[in-house]
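To keep things clear, I will list the structure first and then write my remarks on it.
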There are 2 protein chains.
Amino acid sequence: MGYSIGQVAKKTGLSVHTLRYYEKEGLLPFVRKNGSGLRVFSDSDLGWLELIECLKETGLPLKGIKQYIDWYLEGDSTLQQRLDMFKQQKIRVEEQMAKLQKHMNKINYKIEIYTKAVAEGTLHLEKETA
Amino acid sequence: MGYSIGQVAKKTGLSVHTLRYYEKEGLLPFVRKNGSGLRVFSDSDLGWLELIECLKETGLPLKGIKQYIDWYLEGDSTLQQRLDMFKQQKIRVEEQMAKLQKHMNKINYKIEIYTKAVAEGTLHLEKETA
DNA sequence: ATAAACCCTTGAGCTTACTCTAAGTCAAGT
DNA sequence: ACTTGACTTAGAGTAAGCTCAAGGGTTTAT
């Protein structure tokens, strides 16, 4: 039921440096230490790391994640803020998905163009940068 | 048919600083200058900026974008590399889309939880970090 | 002809998010 | 006892991508 920092690093793909850095930044306020001063991560801590990953990869900077955690620590008086944050994040994700789709179309077009170009040995630009 | 750096900044949402920075990094090798040393952007340059935006937002670092541009400048001998780059980028976008969908599910779940919590005035954690 | 609003270059500075170094502690195995 | 390996701290260093400051030039309107 307890993981060392090295085990968590393997599980999450984050480096031990990064995990300590996250803790220093206030992102892991629940990680305990044993008698020798070693960090002991619980399953719940792994859950927090998953959430951090989720927020980070959807474009919330570490500061924003810390804000959320601080709100969480403050308790029920910040429920609305936390809800708003997730709603805001949902909008961001929707925007990102739309953008990615648009970019995907462009990339597919380029793949088409370049596949032909490779077959023909030369690229014909039809008033189009490529 | 010619735009000043300020006009391009407005059109693209990039700052004039960023545009000059991109040029310095070799990302805009086609931008000309007029007799007074002012940059004059063409429509084709705007096309390049769109492509840069596309590659940047799909996770290619500026160095990678520069590599592509260098290949472009080298001509037909690099067609295969450029095709490979776009194929690689397509894979990246697919991965990003899958990740975003996963994160969206988590965020939607949080919104559900927190919407209830706000209505009830308190958050019940069911063996779940939140 | 003078001010306002642009533009220029060089080079320094900033933010984010790590990433690493140095010096040391601790527990387990041989 | 001693080595190995994983851990600790504080603090320095790094890379990417801007962002700004200083000092100056040009164009346009009044």
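Predicted model, so just to flag it, every value in this text is computed and none were measured.
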Checklist outcome for this item: Here the distance between atom C1' of dC6(C) and atom NE2 of His17(B), to the nearest Å, is 13 Å
Item to check | Leu62(A) side chain, from C-beta outward: closest of dA17(C), dA16(D), dC7(C) | outcome: dA17(C)
Next on the checklist: Salt bridge or not between Lys56(B) and Glu53(B)? Use side-chain N to carboxylate O under 4.0 Å.
Outcome noted: yes
Next on the checklist: So that I know where these two stand, are Tyr72(B) and Trp48(B) an aromatic pair - ring centroids less than 6.0 Å apart?
Outcome noted: yes
Next on the checklist: I need the CG-P distance between Leu28(A) and dC18(C), as an integer number of Å.
Outcome noted: 12 Å
Item to check | Separation of atom NZ in Lys24(A) from atom C1' in dT9(D), rounded to whole Å | outcome: 10 Å
Next on the checklist: What contact category does Lys56(A) fall into here, base, sugar-phosphate, or nothing, at under 4.0 angstrom with non-hydrogen atoms?
Outcome noted: sugar-phosphate
Item to check | Length of the NZ-C1' vector between Lys33(A) and dC26(C), whole Å | outcome: 15 Å
Checklist entry - Taking side chain as C-beta onward, heavy atoms only, is Arg20(B) less than 4.5 Å from Ile5(B)? => result yes
Checklist entry - Which nucleotide sits closest to the side chain of Ser36(A): dT9(D), dC26(C), dG11(D)? => result dC26(C)
Checklist entry - OP1 or OP2 of dC8(C) less than 4.0 angstrom from a side-chain nitrogen or oxygen of Arg39(B), does that happen here? => result yes
Checklist entry - Counting distance only, does the side-chain N/O of Ser36(A) pair as donor-acceptor with the main-chain N or O of Leu38(A) below 3.5 Å? => result no
Item to check | Sugar-phosphate only, base, or nothing, as touched by Arg20(A) at under 4.0 Å among non-hydrogen atoms | outcome: base
Checklist entry - Roughly, in whole Å, what's the span from CD in Glu53(A) to C1' in dC18(C)? => result 14 Å
Next on the checklist: What is the separation between atom CG on Leu19(B) and atom C1' on dT19(D), rounded to the nearest whole Å?
Outcome noted: 13 Å
Next on the checklist: If the cut-off is 4.0 Å, is Thr18(B) near the phosphate of dC18(D), judged by side-chain N/O to OP1 or OP2?
Outcome noted: no
Item to check | Presence of Tyr21(B) side-chain N/O under 4.0 Å of dA16(D) phosphate oxygens OP1/OP2 | outcome: no
Next on the checklist: Taking the minimum atom-to-atom distance to the side chain of Leu38(B), which one of dC18(C), dT19(D), dC8(C) wins?
Outcome noted: dC8(C)
Next on the checklist: What's Ser15(B) touching, base or sugar-phosphate or nothing? Going by heavy atoms closer than 4.0 Å.
Outcome noted: nothing
Checklist outcome for this item: Taken to the nearest whole Å, CG/Leu60(A) to P/dT16(C) is 12 Å
Next on the checklist: Please tell me whether Asp84(B) and Gln80(B) have a donor and an acceptor in their side chains that are separated by less than 3.5 angstrom.
Outcome noted: yes
Checklist entry - How long is the line joining CG of Leu55(B) and P of dA16(D), in whole Å? => result 17 Å
Next on the checklist: Please pick, from dC8(C), dG17(D), dC18(C), the nucleotide with the shortest atom-to-atom distance to any side-chain atom of Tyr22(A).
Outcome noted: dC18(C)
